[in-house]
Amino acid sequence: MLDPKLLRTEPARVAANLARRGFSLDVAAFNALEERRKALQIRTDALRSERNARSKAIGQAKAKGGDVAPLLKEVEALGAEQAAAEADFTAVQGEVERLALGLPNLLHESVPDGADESANVEVRRVGVPRTLDFVPRDHVALGELDGGLDFEAAGRISGARFAVMKGAVARLHRALAQFMLDLHTREHGYTEAYVPYLVSRQALTGTGQLPKFEQDLFALKGENELFLIPTAEVPVTNLVRDAILPAESLPLKFVAHTPCFRSEAGAYGKDTRGMIRQHQFDKVEMVHIVRPEDSYAALELMVGHAEAVLQRLGIPYRVVALAAGDVGFGSAKTYDLEVWLPGQGKYREISSCSNCESFQARRMQARYRSPATGKPELVHTLNGSGVAVGRALVAVLENHQQADGSVRVPDVLKPYMGGVEVIGPKA
RNA sequence: GGAGAGGUGGCCGAGCGGUCGAAGGCGCUGGACUGGAAUUCCAGUAAUACCCAAAAGGUAUUCGUGGGUUCGAAUCCCACCCUCUCCGCCA
(Lines give C-alpha, C1' and ligand atoms only; values in the text may rest on other atoms or scores of the structure.)
Protein backbone atom coordinates (compact mmCIF):
# COMPACT_ATOMS: atom_id res chain seq x y z
CA MET A 1 0.00 0.00 0.00
CA LEU A 2 1.18 3.50 -0.72
CA ASP A 3 1.54 6.18 1.90
CA PRO A 4 -1.91 7.82 1.94
CA LYS A 5 -0.34 11.13 2.92
CA LEU A 6 1.88 11.10 -0.15
CA LEU A 7 -1.08 10.22 -2.28
CA ARG A 8 -2.93 13.22 -0.92
CA THR A 9 -0.13 15.75 -0.93
CA GLU A 10 1.64 14.83 -4.15
CA PRO A 11 -0.88 13.03 -6.31
CA ALA A 12 0.68 14.21 -9.56
CA ARG A 13 4.05 12.75 -8.63
CA VAL A 14 2.49 9.46 -7.59
CA ALA A 15 0.51 9.27 -10.83
CA ALA A 16 3.61 10.01 -12.89
CA ASN A 17 5.55 7.30 -11.11
CA LEU A 18 2.81 4.71 -11.54
CA ALA A 19 2.44 5.71 -15.18
CA ARG A 20 5.95 4.35 -15.73
CA ARG A 21 4.51 0.89 -15.02
CA GLY A 22 1.70 1.52 -17.41
CA PHE A 23 -0.69 1.98 -14.52
CA SER A 24 -3.04 4.91 -14.78
CA LEU A 25 -4.18 6.43 -11.54
CA ASP A 26 -7.27 8.59 -11.65
CA VAL A 27 -6.04 11.24 -9.26
CA ALA A 28 -9.17 13.34 -9.42
CA ALA A 29 -11.42 10.40 -8.62
CA PHE A 30 -9.21 9.31 -5.77
CA ASN A 31 -9.05 12.78 -4.29
CA ALA A 32 -12.79 13.21 -4.57
CA LEU A 33 -13.29 9.96 -2.71
CA GLU A 34 -10.76 10.99 -0.07
CA GLU A 35 -12.54 14.31 0.39
CA ARG A 36 -15.81 12.52 0.88
CA ARG A 37 -14.25 10.18 3.37
CA LYS A 38 -12.74 13.06 5.28
CA ALA A 39 -15.98 15.02 5.41
CA LEU A 40 -17.88 11.95 6.58
CA GLN A 41 -15.30 11.17 9.19
CA ILE A 42 -15.47 14.68 10.62
CA ARG A 43 -19.23 14.51 10.70
CA THR A 44 -19.27 11.04 12.26
CA ASP A 45 -16.70 12.00 14.85
CA ALA A 46 -18.68 15.08 15.82
CA LEU A 47 -21.88 13.09 16.24
CA ARG A 48 -20.11 10.46 18.28
CA SER A 49 -18.57 13.14 20.43
CA GLU A 50 -22.02 14.60 21.04
CA ARG A 51 -23.42 11.22 21.98
CA ASN A 52 -20.51 10.46 24.30
CA ALA A 53 -20.92 13.78 26.07
CA ARG A 54 -24.63 13.23 26.61
CA SER A 55 -24.20 9.68 27.79
CA LYS A 56 -21.67 10.91 30.27
CA ALA A 57 -24.13 13.52 31.48
CA ILE A 58 -26.67 10.79 32.06
CA GLY A 59 -24.20 8.88 34.15
CA GLN A 60 -23.42 11.94 36.22
CA ALA A 61 -27.06 12.86 36.69
CA LYS A 62 -27.81 9.33 37.79
CA ALA A 63 -24.99 9.41 40.29
CA LYS A 64 -26.47 12.55 41.81
CA GLY A 65 -29.90 10.94 41.83
CA GLY A 66 -31.41 13.39 39.33
CA ASP A 67 -34.09 12.67 36.77
CA VAL A 68 -32.56 11.30 33.57
CA ALA A 69 -35.74 10.87 31.51
CA PRO A 70 -35.43 14.15 29.55
CA LEU A 71 -31.78 13.46 28.83
CA LEU A 72 -32.58 10.01 27.52
CA LYS A 73 -35.13 11.45 25.15
CA GLU A 74 -32.60 13.92 23.77
CA VAL A 75 -30.06 11.23 23.03
CA GLU A 76 -32.62 9.11 21.27
CA ALA A 77 -33.10 11.75 18.60
CA LEU A 78 -29.39 11.72 17.94
CA GLY A 79 -29.32 7.98 17.39
CA ALA A 80 -30.76 7.72 13.89
CA GLU A 81 -28.68 10.54 12.50
CA GLN A 82 -25.57 9.04 13.95
CA ALA A 83 -26.30 5.56 12.65
CA ALA A 84 -26.77 6.93 9.14
CA ALA A 85 -23.55 8.92 9.22
CA GLU A 86 -21.73 5.90 10.55
CA ALA A 87 -23.00 3.68 7.73
CA ASP A 88 -22.00 6.21 5.05
CA PHE A 89 -18.58 6.58 6.57
CA THR A 90 -17.98 2.84 6.73
CA ALA A 91 -19.02 2.43 3.12
CA VAL A 92 -16.76 5.18 1.81
CA GLN A 93 -13.90 4.02 3.96
CA GLY A 94 -14.25 0.57 2.45
CA GLU A 95 -14.17 2.07 -1.01
CA VAL A 96 -11.00 4.01 -0.26
CA GLU A 97 -9.37 0.90 1.11
CA ARG A 98 -10.33 -1.20 -1.89
CA LEU A 99 -8.83 1.39 -4.17
CA ALA A 100 -5.69 1.75 -2.08
CA LEU A 101 -5.10 -2.02 -2.00
CA GLY A 102 -5.25 -2.09 -5.78
CA LEU A 103 -2.44 0.42 -6.33
CA PRO A 104 1.01 -0.98 -7.12
CA ASN A 105 4.14 0.20 -5.37
CA LEU A 106 6.06 3.28 -6.46
CA LEU A 107 9.14 2.53 -8.51
CA HIS A 108 12.61 3.45 -7.37
CA GLU A 109 14.19 6.14 -9.50
CA SER A 110 16.91 3.76 -10.67
CA VAL A 111 14.42 1.43 -12.36
CA PRO A 112 14.93 1.57 -16.14
CA ASP A 113 12.08 2.75 -18.34
CA GLY A 114 10.26 0.30 -20.56
CA ALA A 115 6.92 -1.38 -20.93
CA ASP A 116 7.98 -5.01 -20.68
CA GLU A 117 10.83 -7.46 -20.23
CA SER A 118 12.38 -6.55 -23.56
CA ALA A 119 13.48 -3.32 -21.90
CA ASN A 120 15.18 -5.04 -18.96
CA VAL A 121 18.77 -3.91 -18.52
CA GLU A 122 21.59 -6.40 -18.18
CA VAL A 123 23.70 -5.39 -15.19
CA ARG A 124 26.41 -8.04 -15.43
CA ARG A 125 27.13 -11.41 -16.91
CA VAL A 126 29.00 -14.00 -14.85
CA GLY A 127 30.49 -17.23 -16.16
CA VAL A 128 30.85 -18.30 -19.74
CA PRO A 129 28.64 -20.95 -21.31
CA ARG A 130 30.65 -24.07 -22.16
CA THR A 131 31.48 -24.59 -25.79
CA LEU A 132 30.09 -27.97 -26.61
CA ASP A 133 31.30 -30.27 -29.35
CA PHE A 134 27.92 -31.96 -29.43
CA VAL A 135 24.33 -30.84 -29.76
CA PRO A 136 23.08 -30.12 -26.24
CA ARG A 137 19.96 -31.87 -25.00
CA ASP A 138 17.40 -30.06 -22.95
CA HIS A 139 16.55 -31.26 -19.45
CA VAL A 140 13.52 -33.17 -20.65
CA ALA A 141 15.64 -35.29 -22.97
CA LEU A 142 18.33 -35.73 -20.30
CA GLY A 143 15.74 -36.75 -17.75
CA GLU A 144 14.25 -39.26 -20.15
CA LEU A 145 17.62 -40.86 -20.75
CA ASP A 146 18.08 -41.33 -17.02
CA GLY A 147 14.46 -42.23 -16.41
CA GLY A 148 14.41 -39.78 -13.52
CA LEU A 149 12.04 -37.21 -14.99
CA ASP A 150 8.56 -38.49 -15.68
CA PHE A 151 6.04 -36.00 -16.99
CA GLU A 152 3.81 -38.70 -18.33
CA ALA A 153 3.25 -40.17 -14.87
CA ALA A 154 2.70 -36.70 -13.43
CA GLY A 155 0.06 -36.09 -16.07
CA ARG A 156 -1.78 -39.22 -15.08
CA ILE A 157 -1.64 -38.33 -11.39
CA SER A 158 -2.38 -34.63 -11.50
CA GLY A 159 -2.52 -33.27 -15.04
CA ALA A 160 -0.38 -30.86 -16.98
CA ARG A 161 2.33 -28.72 -15.38
CA PHE A 162 3.40 -31.27 -12.81
CA ALA A 163 6.55 -33.34 -12.62
CA VAL A 164 7.57 -36.63 -11.09
CA MET A 165 11.22 -37.12 -10.23
CA LYS A 166 12.80 -40.43 -9.38
CA GLY A 167 16.15 -41.87 -8.41
CA ALA A 168 19.23 -39.74 -8.88
CA VAL A 169 17.26 -36.81 -10.29
CA ALA A 170 15.00 -36.69 -7.24
CA ARG A 171 18.07 -36.87 -5.05
CA LEU A 172 19.77 -34.10 -6.99
CA HIS A 173 16.70 -31.96 -6.48
CA ARG A 174 16.88 -32.58 -2.73
CA ALA A 175 20.63 -31.99 -2.73
CA LEU A 176 20.17 -28.61 -4.37
CA ALA A 177 17.71 -27.41 -1.73
CA GLN A 178 19.93 -28.68 1.10
CA PHE A 179 22.98 -27.03 -0.39
CA MET A 180 21.21 -23.68 -0.74
CA LEU A 181 19.88 -23.75 2.82
CA ASP A 182 23.28 -24.65 4.20
CA LEU A 183 25.00 -21.95 2.18
CA HIS A 184 22.63 -19.23 3.33
CA THR A 185 22.52 -20.26 6.98
CA ARG A 186 26.23 -21.04 7.39
CA GLU A 187 27.82 -18.36 5.28
CA HIS A 188 25.26 -15.62 4.70
CA GLY A 189 23.86 -15.27 8.21
CA TYR A 190 20.28 -16.35 7.59
CA THR A 191 17.94 -17.89 10.12
CA GLU A 192 16.24 -20.96 8.73
CA ALA A 193 12.47 -20.93 8.96
CA TYR A 194 9.90 -23.65 8.51
CA VAL A 195 6.53 -22.13 7.77
CA PRO A 196 2.95 -23.09 6.88
CA TYR A 197 2.18 -23.90 3.25
CA LEU A 198 -1.43 -22.90 3.76
CA VAL A 199 -2.10 -19.28 4.56
CA SER A 200 -4.98 -16.94 5.25
CA ARG A 201 -6.43 -14.23 3.06
CA GLN A 202 -5.05 -11.72 5.50
CA ALA A 203 -1.48 -12.96 5.08
CA LEU A 204 -1.77 -12.81 1.30
CA THR A 205 -3.19 -9.32 1.50
CA GLY A 206 -0.22 -8.33 3.63
CA THR A 207 2.32 -9.30 1.01
CA GLY A 208 0.21 -7.99 -1.88
CA GLN A 209 -0.95 -11.15 -3.70
CA LEU A 210 -4.49 -10.28 -2.67
CA PRO A 211 -6.92 -8.83 -3.43
CA LYS A 212 -5.67 -8.36 -6.98
CA PHE A 213 -4.19 -11.70 -7.98
CA GLU A 214 -6.57 -14.24 -6.56
CA GLN A 215 -6.81 -16.03 -9.91
CA ASP A 216 -3.13 -17.01 -9.66
CA LEU A 217 -3.64 -18.83 -6.37
CA PHE A 218 -4.92 -22.24 -5.45
CA ALA A 219 -7.65 -21.97 -2.83
CA LEU A 220 -8.74 -24.83 -0.63
CA LYS A 221 -12.26 -26.03 -0.41
CA GLY A 222 -13.33 -26.28 3.18
CA GLU A 223 -14.73 -24.45 6.14
CA ASN A 224 -11.68 -22.32 6.72
CA GLU A 225 -10.59 -20.18 3.84
CA LEU A 226 -7.01 -21.10 3.09
CA PHE A 227 -4.74 -20.73 0.10
CA LEU A 228 -1.68 -22.70 -0.96
CA ILE A 229 1.36 -20.44 -0.82
CA PRO A 230 2.58 -19.17 -4.21
CA THR A 231 5.95 -18.44 -2.56
CA ALA A 232 7.47 -18.66 0.92
CA GLU A 233 7.63 -14.87 0.78
CA VAL A 234 4.04 -14.88 2.06
CA PRO A 235 4.40 -16.81 5.33
CA VAL A 236 7.96 -15.67 6.00
CA THR A 237 7.36 -11.95 5.49
CA ASN A 238 4.19 -12.19 7.57
CA LEU A 239 6.36 -13.33 10.46
CA VAL A 240 6.59 -9.63 11.38
CA ARG A 241 2.91 -8.79 10.83
CA ASP A 242 1.52 -6.47 13.52
CA ALA A 243 4.88 -6.32 15.25
CA ILE A 244 6.76 -3.38 16.66
CA LEU A 245 10.33 -4.64 16.52
CA PRO A 246 13.17 -3.30 18.63
CA ALA A 247 15.51 -1.34 16.34
CA GLU A 248 18.49 -3.41 17.42
CA SER A 249 16.83 -6.61 16.22
CA LEU A 250 17.15 -5.44 12.62
CA PRO A 251 18.07 -6.59 10.10
CA LEU A 252 16.22 -9.92 10.24
CA LYS A 253 17.26 -12.40 7.57
CA PHE A 254 15.18 -15.52 7.04
CA VAL A 255 15.58 -18.36 4.60
CA ALA A 256 12.98 -21.04 3.99
CA HIS A 257 12.65 -23.99 1.66
CA THR A 258 9.06 -24.60 0.65
CA PRO A 259 6.99 -25.88 -2.20
CA CYS A 260 5.20 -23.14 -4.12
CA PHE A 261 1.85 -23.47 -5.84
CA ARG A 262 0.72 -21.32 -8.72
CA SER A 263 -2.25 -21.72 -10.94
CA GLU A 264 -0.45 -19.74 -13.68
CA ALA A 265 -3.84 -18.69 -14.94
CA GLY A 266 -2.39 -16.32 -17.49
CA ALA A 267 0.28 -18.61 -18.88
CA TYR A 268 -1.57 -20.83 -21.33
CA GLY A 269 0.79 -22.20 -23.91
CA LYS A 270 3.89 -20.73 -22.28
CA ASP A 271 6.74 -23.08 -21.40
CA THR A 272 4.61 -26.16 -21.70
CA ARG A 273 7.61 -28.43 -22.21
CA GLY A 274 9.56 -29.60 -19.18
CA MET A 275 9.64 -28.23 -15.68
CA ILE A 276 10.25 -24.55 -16.32
CA ARG A 277 6.69 -23.56 -15.45
CA GLN A 278 4.87 -25.82 -13.02
CA HIS A 279 1.85 -25.65 -10.74
CA GLN A 280 4.07 -26.98 -7.96
CA PHE A 281 7.75 -26.26 -7.52
CA ASP A 282 10.26 -25.93 -4.70
CA LYS A 283 12.02 -22.72 -3.89
CA VAL A 284 14.52 -21.54 -1.32
CA GLU A 285 13.41 -18.06 -0.39
CA MET A 286 15.31 -15.26 1.33
CA VAL A 287 13.52 -12.50 3.22
CA HIS A 288 15.06 -9.43 4.80
CA ILE A 289 13.34 -7.15 7.31
CA VAL A 290 15.41 -3.98 7.54
CA ARG A 291 15.47 -0.34 8.54
CA PRO A 292 14.34 1.87 5.68
CA GLU A 293 17.73 3.48 5.17
CA ASP A 294 19.34 0.06 4.71
CA SER A 295 17.00 -1.49 2.19
CA TYR A 296 18.86 -0.74 -1.04
CA ALA A 297 22.13 -2.01 0.37
CA ALA A 298 20.21 -5.09 1.49
CA LEU A 299 18.89 -5.61 -2.02
CA GLU A 300 22.41 -5.70 -3.46
CA LEU A 301 23.48 -8.03 -0.65
CA MET A 302 20.59 -10.37 -1.31
CA VAL A 303 21.30 -10.52 -5.03
CA GLY A 304 24.86 -11.45 -4.14
CA HIS A 305 23.60 -14.30 -1.96
CA ALA A 306 21.54 -15.67 -4.82
CA GLU A 307 24.47 -15.29 -7.19
CA ALA A 308 26.69 -17.26 -4.82
CA VAL A 309 24.44 -20.27 -5.32
CA LEU A 310 24.86 -20.17 -9.09
CA GLN A 311 28.58 -19.50 -8.92
CA ARG A 312 29.20 -22.53 -6.75
CA LEU A 313 27.09 -24.68 -9.00
CA GLY A 314 29.18 -23.51 -11.94
CA ILE A 315 26.24 -22.17 -13.88
CA PRO A 316 26.67 -19.12 -16.14
CA TYR A 317 24.14 -16.40 -15.46
CA ARG A 318 23.36 -12.77 -15.85
CA VAL A 319 21.81 -10.17 -13.59
CA VAL A 320 19.16 -7.94 -15.06
CA ALA A 321 17.41 -4.91 -13.64
CA LEU A 322 13.74 -5.18 -14.46
CA ALA A 323 12.20 -2.41 -16.52
CA ALA A 324 9.36 -0.34 -15.11
CA GLY A 325 6.65 -2.33 -16.83
CA ASP A 326 8.07 -5.68 -15.71
CA VAL A 327 8.50 -4.93 -12.00
CA GLY A 328 6.04 -6.80 -9.83
CA PHE A 329 3.06 -5.23 -8.10
CA GLY A 330 4.60 -4.82 -4.64
CA SER A 331 8.17 -4.14 -5.63
CA ALA A 332 9.97 -0.81 -5.92
CA LYS A 333 12.95 -2.38 -7.65
CA THR A 334 13.70 -5.89 -8.81
CA TYR A 335 16.75 -7.73 -10.08
CA ASP A 336 16.30 -11.03 -11.84
CA LEU A 337 18.98 -13.68 -12.11
CA GLU A 338 18.85 -15.56 -15.37
CA VAL A 339 20.74 -18.79 -15.93
CA TRP A 340 22.10 -20.00 -19.22
CA LEU A 341 20.21 -23.01 -20.49
CA PRO A 342 22.10 -24.74 -23.34
CA GLY A 343 19.03 -26.80 -24.21
CA GLN A 344 17.10 -23.64 -25.00
CA GLY A 345 20.08 -21.56 -26.03
CA LYS A 346 18.99 -18.67 -23.84
CA TYR A 347 19.03 -17.17 -20.39
CA ARG A 348 16.01 -18.00 -18.22
CA GLU A 349 14.86 -16.52 -14.92
CA ILE A 350 15.87 -18.49 -11.83
CA SER A 351 15.67 -15.83 -9.14
CA SER A 352 13.92 -12.57 -8.54
CA CYS A 353 15.05 -10.24 -5.77
CA SER A 354 12.85 -7.31 -4.82
CA ASN A 355 12.86 -4.41 -2.46
CA CYS A 356 9.27 -3.74 -1.46
CA GLU A 357 10.25 -0.82 0.74
CA SER A 358 7.31 -0.09 3.06
CA PHE A 359 4.63 -1.38 0.65
CA GLN A 360 4.12 -4.71 2.39
CA ALA A 361 5.02 -3.34 5.82
CA ARG A 362 2.15 -0.86 5.62
CA ARG A 363 -0.30 -3.60 4.68
CA MET A 364 1.01 -5.85 7.45
CA GLN A 365 1.57 -3.08 10.03
CA ALA A 366 5.13 -4.30 10.44
CA ARG A 367 7.06 -1.64 12.31
CA TYR A 368 10.13 -1.01 14.40
CA ARG A 369 10.76 1.55 17.07
CA SER A 370 12.88 4.23 15.49
CA PRO A 371 15.71 5.30 17.75
CA ALA A 372 15.57 8.79 16.22
CA THR A 373 11.95 9.54 17.00
CA GLY A 374 11.07 6.86 19.55
CA LYS A 375 7.97 6.26 17.43
CA PRO A 376 6.98 3.11 15.57
CA GLU A 377 7.92 3.36 11.91
CA LEU A 378 7.36 0.98 9.04
CA VAL A 379 10.16 -1.43 8.23
CA HIS A 380 11.27 -2.23 4.71
CA THR A 381 10.84 -5.77 3.44
CA LEU A 382 12.76 -7.58 0.73
CA ASN A 383 12.40 -10.99 -0.75
CA GLY A 384 14.38 -13.00 -3.22
CA SER A 385 14.73 -16.52 -4.50
CA GLY A 386 17.92 -18.13 -3.42
CA VAL A 387 17.07 -19.87 -5.75
CA ALA A 388 14.21 -21.74 -7.45
CA VAL A 389 15.06 -25.40 -6.90
CA GLY A 390 13.31 -26.92 -9.93
CA ARG A 391 14.89 -24.47 -12.32
CA ALA A 392 18.26 -24.95 -10.64
CA LEU A 393 17.88 -28.66 -11.38
CA VAL A 394 17.19 -27.83 -15.00
CA ALA A 395 20.24 -25.57 -15.10
CA VAL A 396 22.51 -28.20 -13.55
CA LEU A 397 21.30 -30.92 -15.91
CA GLU A 398 21.68 -28.81 -19.02
CA ASN A 399 24.94 -27.06 -18.15
CA HIS A 400 26.79 -30.10 -16.83
CA GLN A 401 25.65 -32.56 -19.46
CA GLN A 402 28.11 -34.60 -21.45
CA ALA A 403 28.06 -35.95 -24.98
CA ASP A 404 26.61 -39.31 -23.91
CA GLY A 405 23.70 -37.70 -22.11
CA SER A 406 25.14 -38.17 -18.65
CA VAL A 407 25.40 -35.28 -16.21
CA ARG A 408 28.35 -34.43 -13.99
CA VAL A 409 27.34 -33.62 -10.39
CA PRO A 410 28.83 -30.25 -9.30
CA ASP A 411 31.43 -30.55 -6.53
CA VAL A 412 29.39 -28.64 -3.98
CA LEU A 413 26.52 -31.12 -4.32
CA LYS A 414 28.61 -34.26 -3.97
CA PRO A 415 28.40 -34.33 -0.17
CA TYR A 416 24.63 -34.44 -0.55
CA MET A 417 24.66 -37.12 -3.24
CA GLY A 418 26.08 -40.03 -1.28
CA GLY A 419 28.98 -40.62 -3.58
CA VAL A 420 27.14 -40.25 -6.86
CA GLU A 421 29.33 -38.20 -9.20
CA VAL A 422 27.60 -38.73 -12.49
CA ILE A 423 23.95 -39.11 -13.27
CA GLY A 424 23.98 -41.51 -16.12
CA PRO A 425 21.66 -42.56 -18.88
CA LYS A 426 20.12 -45.92 -18.12
CA ALA A 427 21.83 -48.56 -20.19
C1' G B 1 -12.61 -35.09 19.43
C1' G B 2 -14.11 -34.34 25.17
C1' A B 3 -13.52 -31.15 29.80
C1' G B 4 -11.69 -26.68 31.83
C1' A B 5 -8.93 -21.80 31.95
C1' G B 6 -7.73 -17.58 29.34
C1' G B 7 -6.75 -13.59 25.26
C1' U B 8 -6.08 -5.97 28.18
C1' G B 9 -0.60 -0.89 26.35
C1' G B 10 6.75 -2.39 24.15
C1' C B 11 6.28 -6.63 28.05
C1' C B 12 3.74 -8.57 32.61
C1' G B 13 -0.78 -7.77 34.95
C1' A B 14 -5.43 -5.44 37.65
C1' G B 15 -10.23 -4.02 36.31
C1' C B 16 -15.86 -7.23 35.26
C1' G B 17 -22.00 -1.47 32.97
C1' G B 18 -20.70 5.40 33.53
C1' U B 19 -15.75 9.61 36.31
C1' C B 20 -11.39 3.44 32.43
C1' G B 21 -7.24 4.62 27.28
C1' A B 22 -7.43 1.68 31.43
C1' A B 23 -4.39 0.60 38.60
C1' G B 24 0.34 -1.56 39.69
C1' G B 25 4.95 -3.46 37.98
C1' C B 26 8.89 -4.15 34.25
C1' G B 27 11.24 -1.71 30.31
C1' C B 28 12.45 2.97 28.14
C1' U B 29 13.38 8.59 28.42
C1' G B 30 14.53 12.92 31.33
C1' G B 31 15.88 14.89 36.14
C1' A B 32 17.82 14.59 41.45
C1' C B 33 21.72 11.95 44.14
C1' U B 34 27.33 10.20 42.80
C1' G B 35 34.18 11.56 41.32
C1' G B 36 31.75 7.88 37.89
C1' A B 37 28.31 3.89 38.24
C1' A B 38 24.78 0.66 40.85
C1' U B 39 20.93 1.41 44.40
C1' U B 40 17.26 5.02 45.70
C1' C B 41 13.90 9.13 44.65
C1' C B 42 10.88 12.44 41.20
C1' A B 43 8.58 13.09 36.43
C1' G B 44 7.27 11.41 31.64
C1' U B 45 6.14 7.26 28.38
C1' A B 46 0.18 3.37 23.53
C1' A B 47 -1.42 3.18 18.38
C1' U B 48 -4.33 4.91 14.32
C1' A B 49 -7.45 8.53 11.74
C1' C B 50 -9.18 13.47 11.54
C1' C B 51 -9.22 19.04 12.88
C1' C B 52 -4.80 22.50 13.11
C1' A B 53 0.45 25.80 8.41
C1' A B 54 3.26 23.46 12.40
C1' A B 55 3.75 22.88 17.59
C1' A B 56 0.43 22.96 21.45
C1' G B 57 -4.25 21.37 21.90
C1' G B 58 -8.76 18.90 20.49
C1' U B 59 -12.20 14.94 18.56
C1' A B 60 -12.92 9.89 17.25
C1' U B 61 -11.56 4.76 17.23
C1' U B 62 -8.85 0.69 19.43
C1' C B 63 -8.93 -4.00 25.81
C1' G B 64 -8.48 -11.40 20.25
C1' U B 65 -12.21 -10.79 15.73
C1' G B 66 -17.25 -9.95 14.15
C1' G B 67 -22.26 -9.14 15.60
C1' G B 68 -25.93 -7.89 19.53
C1' U B 69 -28.14 -5.59 24.21
C1' U B 70 -27.81 -0.40 26.32
C1' C B 71 -28.46 6.58 26.54
C1' G B 72 -23.53 4.42 27.63
C1' A B 73 -19.57 -1.91 26.97
C1' A B 74 -12.69 -3.87 28.50
C1' U B 75 -16.96 -5.14 31.69
C1' C B 76 -23.40 -8.31 29.76
C1' C B 77 -25.18 -11.79 25.44
C1' C B 78 -24.11 -14.67 20.72
C1' A B 79 -20.75 -16.56 17.01
C1' C B 80 -15.89 -17.27 15.42
C1' C B 81 -10.42 -17.30 15.89
C1' C B 82 -6.23 -18.16 18.92
C1' U B 83 -3.39 -19.76 23.43
C1' C B 84 -2.78 -22.87 27.78
C1' U B 85 -3.98 -27.38 31.08
C1' C B 86 -5.99 -32.38 31.46
C1' C B 87 -8.11 -36.72 28.80
C1' G B 88 -8.58 -39.32 24.08
C1' C B 89 -6.31 -40.07 19.23
C1' C B 90 -2.23 -39.84 16.38
C1' A B 91 3.28 -38.63 12.95
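Quick note on labels: first sequence line is chain A, next is B, and so on, each numbered from 1. The figures here come from the full heavy-atom set of this structure, side chains too, leaving out hydrogens, waters and symmetry mates.
One can place CG of A/Asp242 at 15 Å from P of B/rA47, the figure rounded to the nearest angstrom. Atom CD of A/Gln93 and atom P of B/rA49 are 11 Å apart (whole Å). Atom-to-atom, OH of A/Tyr194 to C1' of B/rA91 comes out at 12 Å; the value is rounded to the nearest Å. One can place NZ of A/Lys5 at 13 Å from C1' of B/rC51, the figure rounded to the nearest angstrom. One can place CZ of A/Arg362 at 13 Å from C1' of B/rU48, the figure rounded to the nearest angstrom.
The residue A/Arg8 sits close only to the backbone: its heavy atoms come under 4.0 Å of sugar-phosphate atoms, none of a base. Counting non-hydrogen atoms under 4.0 angstrom, A/Pro4 reaches nothing in the nucleic acid.
For CD of A/Glu300, the number of neighbouring non-hydrogen atoms (other residues, nucleotides, ligands) closer than 6.0 Å is greater than 12. Annotation for A/Arg8: atom CZ counts as buried by contact number, over 12 foreign heavy atoms lying within 6.0 Å.
Side-chain rings of A/Phe359 and A/Phe329 approach one another, their centers coming within less than 6.0 Å. Ring centers of A/His288 and A/Tyr190: under 6.0 Å apart, within the cut-off.
No side-chain donor from either of A/Thr207 and A/Glu233 sits under 3.5 Å from a side-chain acceptor of the other. Judged by distance alone, the side chains of A/Asp336 and A/Asn120 never bring a donor and an acceptor atom under 3.5 Å apart. In this model, no donor atom of one side chain and acceptor atom of the other lie less than 3.5 Å apart for A/Gln202 and A/Ser200.
Contacts of A/Lys62 classified as side chain to side chain donor-acceptor pair (under 3.5 Å), with partners at least two apart in sequence or in another chain: none.
When each of A/Lys38, A/Arg36, A/Arg37 is checked for a salt bridge (Lys or Arg N to Asp or Glu O under 4.0 Å) with A/Glu34, only A/Arg37 meets the rule.
Only A/Arg37, A/Lys38, listed by number, bring a heavy atom of residues 28-40 of chain A to less than 4.0 angstrom from any atom of RNA chain B.
Residue pairs meeting the salt bridge (charged side-chain N to carboxylate O under 4.0 Å, His left out) criterion with at least one member in residues 302-315 of chain A, sequence neighbours excluded, are A/Arg124-A/Glu307, A/Glu187-A/Arg312.
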Review point. In dot-bracket form, how is RNA chain B paired, counting a Watson-Crick or G-U wobble pair only if both its distances are under 3.5 Å and using | for bases paired to another strand?
Key: ((((((((.[[[..)..(.....]]]((((((.......))))))((((((.....)))))).[[[[[..)....]]]]])))))))....

Review point. Can you give one letter per nucleotide of nucleotides 59-71 of chain B, 5' to 3': B if a protein heavy atom sits under 4.0 Å from the base, S if only from the sugar-phosphate, - if neither?
Key: BSS---------B

When the side chains of residues 165-173 of chain A are checked against the rest of the protein, which donor-acceptor pairs come out under 3.5 Å, sequence neighbours left out?
| residue | atom | partner | partner atom | Å |
| --- | --- | --- | --- | --- |
| A/Lys166 | NZ | A/Asp150 | OD2 | 3.3 |
| A/Arg171 | NE | A/Tyr416 | O | 3.4 |

